[in-house]
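These numbers come from a predicted model, not from an experiment.
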Amino acid sequence: MRSLTSFIELHGLNEDRQGQGADIRHNYLDPSHPDPRIVMSIRKLPDDLNAIAKNELGEDEAKIEEHIEIITEWLKKQPHINAREDPQWIAAFLRGCKHSLEVTKQKLEAYYTIRTHLPELFADRDPKGAKINELLDLGIYLPLPATKDPTSPRIILLRGGCYDPSKYNFLDIMRVNYMVMDLMLMEDDRSLIAGQQTILDLTGSKFEHVGQFTPATVKKAVTCFQDAYPLRTKSMHFINLPPSFDMVFNIFKLFLKEKLKNRILIHSDQNTLYEHIPKEILPSDLNGNGPSIAELTAEWKQKVQDKRDWFLEDAQFCVDESKRAGKPVSGADLFGVDGSFKKLSID
């Protein structure tokens, strides 16, 4: 059986080429900072991603360091936000917001506010905790190593029906999904810059799964995905649909923005998927030539667990509503029938 590492090497998809975890760094000294020992560092992009960042995101290499500093200083002036200030983390949000400083502020405000009011998704994220460990073994959210070509989006395989609904619920699943997504924000430049294509494989879905998708639960997950994460979703492909699919899909559509609705494709025949995503880069379990789901699962479990200290540290980053200027935000404001994050003002 071909290993994940050998597959990546075979396709020339080493981490330096993809801009993930590369040793090459873009270092600079803030000329206005009195302490020359303070150095800001973000990964240098490979040429293919650099071109996309410039042409599609409006990235200016001469200004990105200035923009990171502006956002960092803005965060320091928000008494209610305790945010991660790693330059690479801030760069991820800038890129996901096409380098609009105001939109980046709104997205960071949303990210930390929403996660604070969703302990069901963002509390107890120890990668070696019993439940998280079990869920990682299921291989539900699996970014694939290969892409169609050097400028193509990252492909995510999301296996929505592979968990036991009598043992876990939908929000348990989403907690682990968001852990992988957070890791990708820090490490996967391709996903941030070229975007993502998601394959939602519903093999194994049962009526018991359907019962977990209440409007309240779905709104929490969708609000977090749409409003908090600086992601570029290029397309979402549903395959292996259960008879109950329409019922669940109609609930999700209640909360999806029109732009995202227009990027959803439903495949009753898996062959039509290959018109959008090359068959050969899919896992062997989906008739592709890529690593098996078992290999991908083991690889991503290890990646998440290797970052245990990062996730434990991450628990401290949140908002303190008692320190917010003006009226504190509540969960009802965010996830109630009329709640909308867009009503919050950004100073």
Side-chain angles (χ1 to χ4, degrees), residues 1 3-5 114-116 118-145 154-188 191 196 198-214 216-218 220-222 224-225 228-229 238-240 242 244 248 252 282-286 290-318:
M1 181 179 294
S3 70
L4 181 58
T5 301
I114 289 173
R115 64 179 273 156
T116 300
L118 278 180
E120 309 98 308
L121 294 178
F122 292 97
D124 303 322
R125 298 207 305 172
D126 182 349
K128 295 192 176 180
K131 180 176 280 190
I132 299 296
N133 191 63
E134 292 172 6
L135 290 167
L136 287 170
D137 280 333
L138 296 177
I140 296 170
Y141 192 92
L142 300 172
L144 305 186
R154 173 71 62 215
I155 297 165
I156 311 293
L157 175 61
L158 180 54
R159 303 171 63 234
C162 70
Y163 70 95
D164 181 350
S166 68
K167 190 173 182 181
Y168 309 108
N169 61 50
F170 174 57
L171 293 181
D172 290 331
I173 303 308
M174 292 306 298
R175 179 191 285 115
V176 174
N177 291 357
Y178 284 128
M179 289 176 71
V180 178
M181 288 165 64
D182 281 342
L183 194 55
M184 294 177 73
L185 286 183
M186 278 296 289
E187 299 191 347
D188 189 353
S191 176
Q196 298 182 354
T198 302
I199 304 170
L200 293 102
D201 184 359
L202 300 180
T203 299
S205 295
K206 305 174 183 177
F207 187 76
E208 290 79 4
H209 290 102
V210 175
Q212 296 183 352
F213 294 101
T214 66
T217 297
V218 170
K220 289 178 179 179
V222 171
C224 190
F225 175 77
Y229 277 80
F238 288 81
I239 62 173
N240 298 318
S244 56
V248 175
F252 274 87
L282 297 176
S284 55
D285 311 68
L286 293 179
S292 69
I293 288 173
E295 290 175 288
L296 290 166
T297 298
E299 184 82 4
W300 275 99
K301 178 179 180 179
Q302 190 63 52
K303 283 178 182 288
V304 173
Q305 292 194 331
D306 285 347
K307 293 292 184 178
R308 182 175 186 243
D309 290 344
W310 188 92
F311 283 108
L312 295 179
E313 176 196 42
D314 200 58
Q316 69 183 289
F317 300 119
C318 60

### Task
Just do the side-chain contact (heavy atoms from CB on, under 4.5 Å) check on R159 and L138 with the steps written out, would you?
CA-CA 9 Å; R159 303 171 63 234; L138 296 177; 5.6 Å; no

### Query
Hey, mind stepping through D164 and E208 against side-chain contact (heavy atoms from CB on, under 4.5 Å) and telling me if it holds?
CA-CA 9 Å; D164 181 350; E208 290 79 4; over 6 Å; no

### Message
side-chain contact (heavy atoms from CB on, under 4.5 Å), that's the test. Do F225 and M174 meet it? Break it down for me.
### Response
CA-CA 10 Å; F225 175 77; M174 292 306 298; 5.9 Å; no

### Task
Start with the C-alpha distance between L183 and W310, add both sets of side-chain angles, then the distance that settles side-chain contact (heavy atoms from CB on, under 4.5 Å), and finish with yes or no.
CA-CA 9 Å; L183 194 55; W310 188 92; 5.5 Å; no

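Here T297 contributes atom OG1 and L142 contributes atom CG; the two are 4.5 Å apart, rounded to the nearest 0.5 Å. Of the inter-residue distances, the one linking M184 atom CE with Y229 atom OH reads 11.5 Å to the nearest 0.5 angstrom. If you take SG on C224 and CD on E120, they are separated by 10.5 Å, rounding to the nearest 0.5 Å. Taken to the nearest 0.5 Å, the CD1 atom of I199 stands 5.0 Å off from the CG atom of L282. One finds the OG atom of S205 at 13.0 Å from the CZ atom of F207 (value rounded to the nearest 0.5 Å).
Using a 4.5 Å cut-off on side-chain heavy atoms (C-beta onward), K303 and E187 make no contact. In this structure the side chain of P145 reaches within 4.5 angstrom of the side chain of P291, judged on heavy atoms. Residues M179 and P127 have side chains in contact (heavy-atom distance under 4.5 Å, counting atoms from C-beta outward). Side-chain contact check for V180 versus I156: every heavy-atom pair is 4.5 Å or farther apart. Within the 4.5 Å cutoff, the side chain of I140 has heavy atoms near those of the C162 side chain.
Partners of L312 under the side-chain contact (heavy atoms from CB on, under 4.5 Å) rule, at least two apart in sequence or in another chain, are D126, R308. Every residue two or more places apart in sequence or in another chain that forms a ring-ring contact (aromatic ring centres under 6.0 Å, His included) with F213 is listed here: F170, F252. Applying the ring-ring contact (aromatic ring centres under 6.0 Å, His included) rule to Y163 yields the partners H209; only residues at least two apart in sequence or on another chain are considered. Applying the salt bridge (charged side-chain N to carboxylate O under 4.0 Å, His left out) criterion to R125, with sequence neighbours excluded, gives D182, D314. In terms of the side chain to side chain donor-acceptor pair (under 3.5 Å) criterion, residue partners of T203 (sequence neighbours excluded) are, by chain and number, D201, N240. The ring-ring contact (aromatic ring centres under 6.0 Å, His included) test applied to F317 returns no partner, not counting sequence neighbours. Qualifying ring-ring contact (aromatic ring centres under 6.0 Å, His included) partners for F122, counting only residues two or more places apart in sequence or in other chains: Y178. With sequence neighbours excluded, the residues forming a side chain to side chain donor-acceptor pair (under 3.5 Å) with T217 are T214, listed by chain and number.
In this structure, Q302 contributes its side chain and E299 its backbone to no donor-acceptor pair below 3.5 Å. In this structure, R175 contributes its side chain and A123 its backbone to a donor-acceptor pair below 3.5 Å.
Screening residues 128-137 for salt bridge (Lys or Arg N to Asp or Glu O under 4.0 Å), with sequence neighbours left out, gives K131-D172, E134-K167, D137-K301. Applying the ring-ring contact (aromatic ring centres under 6.0 Å, His included) definition to pairs two or more places apart or across chains, none involves residues 126-145.
Considering every non-hydrogen atom in both S292 and D285, the closest pair reads CA-OD1, 3.3 Å. Of all heavy-atom pairs between I114 and A228, the closest is CD1-CB, 4.1 Å. Contact detail for Q212 and P165: the closest heavy-atom pair is NE2-O, 3.1 Å. Of all non-hydrogen atoms in C318 and T116, the two that sit nearest each other are CB-OG1, 3.2 Å. Across every non-hydrogen atom of N169 and L171, the tightest pair is OD1-N, 3.0 Å.
By the 6.0 Å contact criterion, CG on D124 is open, its count of non-hydrogen atoms from other residues, nucleotides or ligands being 12 or less.
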